[in-house]
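For the numbers below, each heavy atom of this structure counts, side chains included, while hydrogens, waters and symmetry mates do not.
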Amino acid sequence: MHLWGDSWPHWDQLYKSENNINKEFEKHTGLALLSKEKYGTIRYEHIVDPKTKYSYSFADTKDNWMILKEIIFEEIKKYPEIKDELLSDLAAHEELVGTEIHKQYWRSV
C-alpha cells in the first residue's frame, strides 16, 4: 500500500498502466472499464456500455473478467515492478486468478 507523496517511485507507471489497461479493455470489448487508484493500487470497479451509459457489475460478466485478467497480465510483463499494485484488486476473485495468487493477496479471517 502506498500513500500519495510517499517515496514510492512508480506513480507515473501506475497511472500509465491504468490508462493502458482501460484502453485495451475498450478495444477488446467495446465497453468502458471504470477504475481508480486507491492507496497506490488500481481498483477495477465497473463496466459501462458507452452507448447506453448503463453500468454492469464484473460479477455478472465472467467473460469480461477473463479479458481483463489477460490484459492485466500483459501489462505486468511491461511493468513487473508494479505487479502487486496492478494485481491485488483482481486477486480477490479466486476462481479467476487461482488459489495461489488469491492467497498471496487476500487472507480469510
Side-chain angles (χ1 to χ4, degrees):
M1 179 170 23
H2 309 285
L3 299 175
W4 187 253
D6 71 11
S7 61
W8 189 60
H10 304 294
W11 289 107
D12 289 340
Q13 290 172 326
L14 185 69
Y15 290 119
K16 182 177 180 182
S17 288
E18 180 183 13
N19 288 332
N20 291 344
I21 291 166
N22 288 339
K23 286 177 187 175
E24 284 297 310
F25 187 80
E26 187 166 3
K27 183 172 115 179
H28 284 75
T29 65
L31 300 170
L33 172 65
L34 302 181
S35 61
K36 68 179 182 182
E37 175 273 326
K38 186 167 185 179
Y39 299 115
T41 64
I42 301 301
R43 307 285 173 97
Y44 310 100
E45 295 190 321
H46 301 284
I47 297 172
V48 177
D49 184 337
K51 296 175 196 128
T52 64
K53 309 246 190 301
Y54 289 113
S55 177
Y56 299 96
S57 167
F58 278 125
D60 296 332
T61 57
K62 187 171 181 178
D63 289 343
N64 288 333
W65 272 109
M66 295 302 288
I67 292 167
L68 178 60
K69 174 188 167 188
E70 295 304 317
I71 293 168
I72 292 170
F73 275 87
E74 286 300 313
E75 194 68 17
I76 289 168
K77 289 178 187 175
K78 292 185 237 175
Y79 299 106
E81 61 276 9
I82 59 172
K83 173 186 175 186
D84 293 341
E85 291 78 9
L86 296 176
L87 192 55
S88 64
D89 190 56
L90 185 72
H93 306 280
E94 183 175 2
E95 71 284 354
L96 180 65
V97 297
T99 301
E100 184 178 338
I101 291 173
H102 173 74
K103 284 183 177 181
Q104 180 180 350
Y105 294 97
W106 293 85
R107 291 183 180 84
S108 298
V109 177

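- Going from atom OH of Y44 over to atom CD1 of I71 covers 10.0 Å, rounded to the nearest 0.5 Å.
- Between atom CG of residue N20 and atom NZ of residue K78 there is a gap of 5.0 Å, rounded to the nearest 0.5 Å.
- Every residue meeting the side chain to side chain donor-acceptor pair (under 3.5 Å) condition with D84, not counting sequence neighbours, appears here in chain and number order: Y105.
- Relative ring orientation between W8 and W11 is described as perpendicular, the plane-to-plane angle rising above 60° on a 0-90° scale split at 30° and 60°.
- Partners of K38 according to the side chain to side chain donor-acceptor pair (under 3.5 Å) rule, which considers only residues two or more places apart in sequence or in another chain, do not exist here.
- Residue K69 qualifies as enclosed at atom NZ: its count of foreign heavy atoms under 6.0 Å is above 12.
- The heavy-atom pair separating L31 from F25 by the smallest distance is O-CD2, 3.7 Å.
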| field | N22 vs S35, side-chain hydrogen bond (donor to acceptor under 3.5 Å, both in side chains): CA-CA, chis, key distance, verdict | value | CA-CA 8 Å; N22 288 339; S35 61; 3.3 Å; yes
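- Residues satisfying the side chain to side chain donor-acceptor pair (under 3.5 Å) criterion with S88, sequence neighbours excluded, are absent altogether.
- Heavy-atom contacts from other residues, nucleotides or ligands closer than 6.0 Å to CG of D12 number 12 or fewer.
- Here the CD1-CG distance, from I47 to N64, works out to 4.0 Å after rounding to the nearest 0.5 Å.
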| Between I42 and D89, does a side chain to side chain contact (heavy atoms under 4.5 Å, CB included) hold up when you go through it step by step? | CA-CA 7 Å; I42 301 301; D89 190 56; over 6 Å; no
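- In this structure, E37 contributes its side chain and Y39 its backbone to a donor-acceptor pair below 3.5 Å.
- Taking 4.5 Å as the limit, some side-chain heavy atom of I21 sits within range of a side-chain heavy atom of I72.
- Every residue two or more places apart in sequence or in another chain was checked for a ring pair (Phe, Tyr, Trp, His ring centres under 6.0 Å) with H28, and none qualifies.
- Put simply, the side chain of S17 reaches to within 4.5 Å of the side chain of I82, judged on heavy atoms.
- Interatomic distance, E70 CD to L68 CG, rounded to the nearest 0.5 Å: 10.0 Å.
- Pairs of residues two or more places apart, or lying in two chains, that qualify as salt bridge (Lys or Arg N to Asp or Glu O under 4.0 Å) and include a residue from residues 17-33 are E24-K27.
- Using a 4.5 Å cut-off on side-chain heavy atoms (C-beta onward), L86 and F73 make no contact.
- In this structure, the side chain to side chain contact (heavy atoms under 4.5 Å, CB included) partners of E81, at least two apart in sequence or on a different chain, are H10, Q13, Y79.
- Separation of atoms CG (L90) and OG1 (T41) is listed at 12.0 Å; rounding is to 0.5 Å.
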